[in-house]
Amino acid sequence: MKLPLILASSSPFRQSLLQKFNLPFDTFSPDVDESALECETPTELVKRLSELKASAANKHFKKGLAIGSDQVAVFNNQILGKPHNKQNALKQLNLFSGNTVTFLTGLCVYDIVTGIKKTCVEPFNVTFKTLSDAQISAYCDAEQPYNCAGSFKSEGLGICLFEKLSGDDPNSLIGLPLIKLSQLLAEFGIDVLTAQTSSS
């Protein structure tokens with residue numbers, strides 16, 4: 001493999017996803033302000049933040065391909081971020097009950113040496129079951145999804161909240177669209193499949 005991979009995230013979920021590629025990678029916490037700018041659309045927000053996170057690798061590494069990602073939930077044209085506590089999670093899930101929510105995941109691959117960035121935004125639609133207050137409260141107590149956009153963990157018990165999932169890559173819902181990532185890495189000369197032999 002030509003360049004080391006660097007994941008600009010401290011998220012155990014994104015780290016677990018990237019491990020599916022079976023390639024070595026470093027991680028760091030990018031520590032960027034995730035607040036939306038005035039008049040910024042959800043798509044613009046996740047694109048900008050994924051680029052900011054990847055670019056933050058400059059402070060920690062001299063070379064490599066940095067991978068940045070950011071996700072928001074969008075409902076009725078409103079950006080809904082991480083709930084941070086049970087009260088907010090209950091509000092979000094009550095709002096989503098019986099409705100379809102779009103999750104936008106920004107992805108950026110950044111070459112630290114050349115400064116070249118390749119960025120995309122992956123949409124994924126989630127249709128929620130009609131949920132009772134008791135179901136929502138029980139879910140929040142069981143999984144405490146307070147640091148997850150949309151107030152759920154689709155890789156865990158959160159799957160029971162859904163009626164239907166629709167999108168190109170279910171990994172994007174967890175936070176890292178691996179299909180797109182493999183395509184972007186190929187544009188930087190890294191074929192994930194053939195790189196397996198050189199990583200061992």
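Just so it is clear, the model here is predicted, and its values are computed rather than measured.
- Counting heavy atoms from C-beta on, the side chains of Leu17 and Glu155 never come closer than 4.5 Å.
- Listed for the Ser50 side chain is a donor-acceptor partner under 3.5 Å among the backbone atoms of Lys47.
- Glu44 places a side-chain N or O within donor-acceptor distance of the main-chain N or O of Thr41, the cut-off being under 3.5 Å.
- Cluster annotation: Phe13 is not connected to Leu173 through the hydrophobic network of ILVMFWY side chains, with a link wherever side-chain heavy atoms come within less than 4.5 Å.
- Side-chain N or O atoms of Glu163 include none that pairs as donor or acceptor with a backbone N or O of Gly98 at under 3.5 Å.
- For Asp168, the CG atom is loosely surrounded, since the number of other residues' heavy atoms within 6.0 Å does not exceed 12.
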(request) Give the C-alpha distance, both sets of side-chain angles, the deciding distance and a yes or no for salt bridge (Lys or Arg N to Asp or Glu O under 4.0 Å) between Asp111 and Lys117. (result) CA-CA 7 Å; Asp111 188 324; Lys117 289 179 189 149; over 6 Å; no

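- Note on Phe128: it clusters hydrophobically with Phe124, by side-chain heavy-atom contacts below 4.5 Å among ILVMFWY residues.
- Under the 6.0 Å cut-off for aromatic ring centres, Phe152 and Phe162 qualify, their centroids lying closer than that.
- With a 6.0 Å radius and a threshold of 12 heavy atoms from other residues, nucleotides or ligands, Lys180 has its NZ atom at or below the threshold.
- The environment of CG in Asn77 is sparse: at most 12 heavy-atom neighbours from other residues, nucleotides or ligands sit within 6.0 Å.
- Of the N and O atoms on the side chains of Asn88 and Tyr146, not one donor lies less than 3.5 Å from an acceptor on the other residue.
- Around CD of Glu187, the count of heavy atoms belonging to other residues, nucleotides or ligands within 6.0 Å exceeds 12.
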